[in-house]
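The figures here come from the full heavy-atom set of this structure, side chains too, leaving out hydrogens, waters and symmetry mates.
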There are 4 protein chains.
Amino acid sequence: MLLHVDPAGDLPIYEQIVRQVKFAIAAGALAAGDMISSVRELAKELAINPNTVIRAYRQLQDEEILQSRRGTGLVVGPAAPETCRRQRIDMIRARLGQVLAEARQSGLHDGHVGRLIREQLAIAFPDAEDDASQTPTQPEEISS
Amino acid sequence: MLLHVDPAGDLPIYEQIVRQVKFAIAAGALAAGDMISSVRELAKELAINPNTVIRAYRQLQDEEILQSRRGTGLVVGPAAPETCRRQRIDMIRARLGQVLAEARQSGLHDGHVGRLIREQLAIAFPDAEDDASQTPTQPEEISS
Amino acid sequence: MLLHVDPAGDLPIYEQIVRQVKFAIAAGALAAGDMISSVRELAKELAINPNTVIRAYRQLQDEEILQSRRGTGLVVGPAAPETCRRQRIDMIRARLGQVLAEARQSGLHDGHVGRLIREQLAIAFPDAEDDASQTPTQPEEISS
Amino acid sequence: MLLHVDPAGDLPIYEQIVRQVKFAIAAGALAAGDMISSVRELAKELAINPNTVIRAYRQLQDEEILQSRRGTGLVVGPAAPETCRRQRIDMIRARLGQVLAEARQSGLHDGHVGRLIREQLAIAFPDAEDDASQTPTQPEEISS
DNA sequence: GTGGTCTAGACCACG
DNA sequence: GTGGTCTAGACCACC
């Protein structure tokens, strides 16, 4: 399992693990029934304490993303792929909603927000031919 | 000053105050030179610990958004409106960038993201005629 | 908060805490909005490690039984009483179903099972006038 | 031998085997002197580790439910049927006592509990005309 | 004072 | 080998 954590990030390490496992499942890198890295393995790989991994795995079990096979290890649950794909959408939607609501609350006009979105979209998805804004907008200054 | 605080929210209370004051200034609800609620007043109004208000005001002073006027109280600094407007843009831009980066990392295609953006934009800015996507997009289902 | 744990019991200590808190809420000893013993307090009271209490409290938070008020402590969530009362019923129902199913699977006749039930019922509810069943009780709804 | 094991269940696999063998003997499906599946056979049939079967069989030998017949395999011991029938009663009694005690501890009234019992009884023993209790049965000995 | 995160290490049951 | 529980103690942010 190829995952990476940043001990100095704003999210707790265990949360970073939880999210990355979910992303891996959502993206299909882990399928239902697959075994996941053992606690000790992952702890060594990430150079963190096993308890931190245990905590992440436990949360995933509580959400029924992982299932414990006693004495054997943890496997991806049957409903996990669908759950993870759904959660991913919901999370993005919620966070988009938050930031847009804040944008409005702070007095920003829709025009400004649209420009900001196109700008960031172009950074995040450079390969896509600017899909949300196929109008020939000249890259004007984005000011207050 | 009409601000509202959620003690169960994900952000610290003092941070919520800081942001809302900045938003109020950016939106023009508070102008340079205006006086701001006293610590005791605001603490009572929001039913929170005065120390929390003090901490928020102190941070605003450190950023030169507020200025102490001896014997009178705190007033909005002369450069505050411009500062707040600039910060607001930077913040929205940064958060948009974050959420879009995560969307990509989680394996979402640009098409999905575009739909989600238009969806949330329509919620946050219901009056604007859907500005970031002036193409005649059919309102298809947004699924996985 | 009057709770008691048995470190030698079959259930983990943290689980015992979780259940007893739920029982206390279901029974009305703790109402929505009430603050709960602090982690350190309870840990000292029960002579166990604070981490064990934290784990129990965290699980209760995950189930939205408790809510965290940053810097203040944990309070009983608004929906907790109803949730706990419902869970209590569901748990008893499930365990009854299990043991009865096992009784049948092991070849026990309904007559035997009936006798065992009356016997244990008389022990658990000695004050109730005999077993709860030979009266022609109208089959009302089984609710909270 | 028709037994079934759930690797994700709450009981250890070896315990599940032990119980099911005992149940089969108590119910008469296995009689004294009958041979039992070999370790390898059962392990293959259940798709589990032979060590797990060994552990289950060993426990059954320790309880003198099974006896080793040199060069032949394991057979059901002479006293096994009676032992299993007795244990079955004791187990059901104990578990009933537990769940009823918990019901009381959680603040449930005897009326609720009575209803729950009748409800689950009707599910577990659908053929018996309602619950076994409203007949004035003389409290005979509870034997096999 | 409060909860929250992380580390370190012991001990156990299970397969 | 696997996960699970518990202890001990450090450090942090928040109120």
Could you give the angle between the helix axes at the two ends of the helix from dG1(E)-dC14(F) to dC14(E)-dG1(F), with five pairs per end, rounded to 10 degrees? 10°
Between Asn51(A) and Ile54(C), just flag the one whose closest nucleotide in DNA chain E comes earlier from the 5' side. Ile54(C)
Considering all heavy atoms, the nearest Ala32(A)-Gly77(A) contact: CB-O, 3.5 Å
Looking at side-chain heavy atoms only, is the closest gap between Arg55(B) and Gln59(B) below 4.5 Å? no
Classify the nucleic acid contact of Ile13(B) as base, sugar-phosphate or nothing, counting any heavy atom under 4.0 Å across all strands shown. sugar-phosphate
Hey, is the side chain of Ser68(C) poking within less than 4.0 Å of OP1 or OP2 on dG3(E), counting only N and O atoms? no
If you look at every strand shown and take non-hydrogen atoms under 4.0 Å, does Gln61(C) touch a base, only sugar-phosphate, or nothing? sugar-phosphate
So, the side chain of Thr83(A) versus the backbone of Ala79(A): is there a donor-acceptor pair under 3.5 Å, distance only? yes
Ile36(A) CD1 to dG3(F) P, straight-line distance once rounded to whole Å: 9 Å
Arg70(C) side-chain N/O to dG3(E) phosphate OP1/OP2 under 4.0 Å: no
base_contact_polar (dG1(E) base, Asn49(B) side chain, donor-acceptor, <3.5 Å): no
Is there a donor-acceptor contact under 3.5 Å from the side chain of Arg69(D) to the main chain of Leu74(D)? no
Check the distance between dC14(E)'s C1' and Gln16(D)'s CD and give it to me in whole angstrom. 12 Å
Give a yes/no answer on whether the side chain of Arg58(C) brings an N or O atom under 4.0 Å of OP1 or OP2 in dT5(E). yes
Can any side-chain N or O of Thr72(D) pair as donor or acceptor with the backbone N or O of Arg70(D) at less than 3.5 Å? yes
Assign each of Thr72(C) and Ala47(C) the nucleotide of DNA chain F bearing its closest heavy atom; nearer the 5' end lies the nucleotide of Ala47(C)
note: Asp6(C), atom CG; dC6(F), atom P; distance rounded to Å ~ 11 Å
Specify the residue among Thr52(A) and Ser37(C) whose closest nucleotide of DNA chain E lies further upstream toward the 5′ end. Ser37(C)
Shortest non-hydrogen contact from Gln67(C) toward Pro78(C): NE2-CD, 3.7 Å
Separation of dT5(F) P from Asp10(C) CG (nearest whole Å): 13 Å
Value in whole Å for how far the P atom of dG15(E) lies from CG of Leu46(D): 12 Å
Where the side chain of Glu64(D) meets the backbone of Ala80(D), is there a donor-acceptor pair that is under 3.5 Å apart? no
Under 3.5 Å, is there a donor-acceptor pair linking the side chains of Gln20(C) and Gln105(D)? no
Which pairs, protein N/O on one side and nucleotides 11-13 of chain E N/O on the other, fall under 3.5 Å?
none

Assess whether a salt bridge exists between Arg95(D) and Glu102(C), defined as any Lys/Arg side-chain N lying under 4.0 Å from an Asp/Glu carboxylate O. yes
Nearest-Å distance, CG (Leu11(B)) to P (dC15(F))? 10 Å
Whole Å only: how far is the CZ atom of Arg69(A) from the P atom of dG3(F)? 13 Å
Residues, nucleotides or ligands: over 12 heavy atoms within 6.0 Å of Gln61(D) CD: yes
Length of the line joining Met35(C):CE and dT2(E):P, which is rounded to integer Å: 8 Å
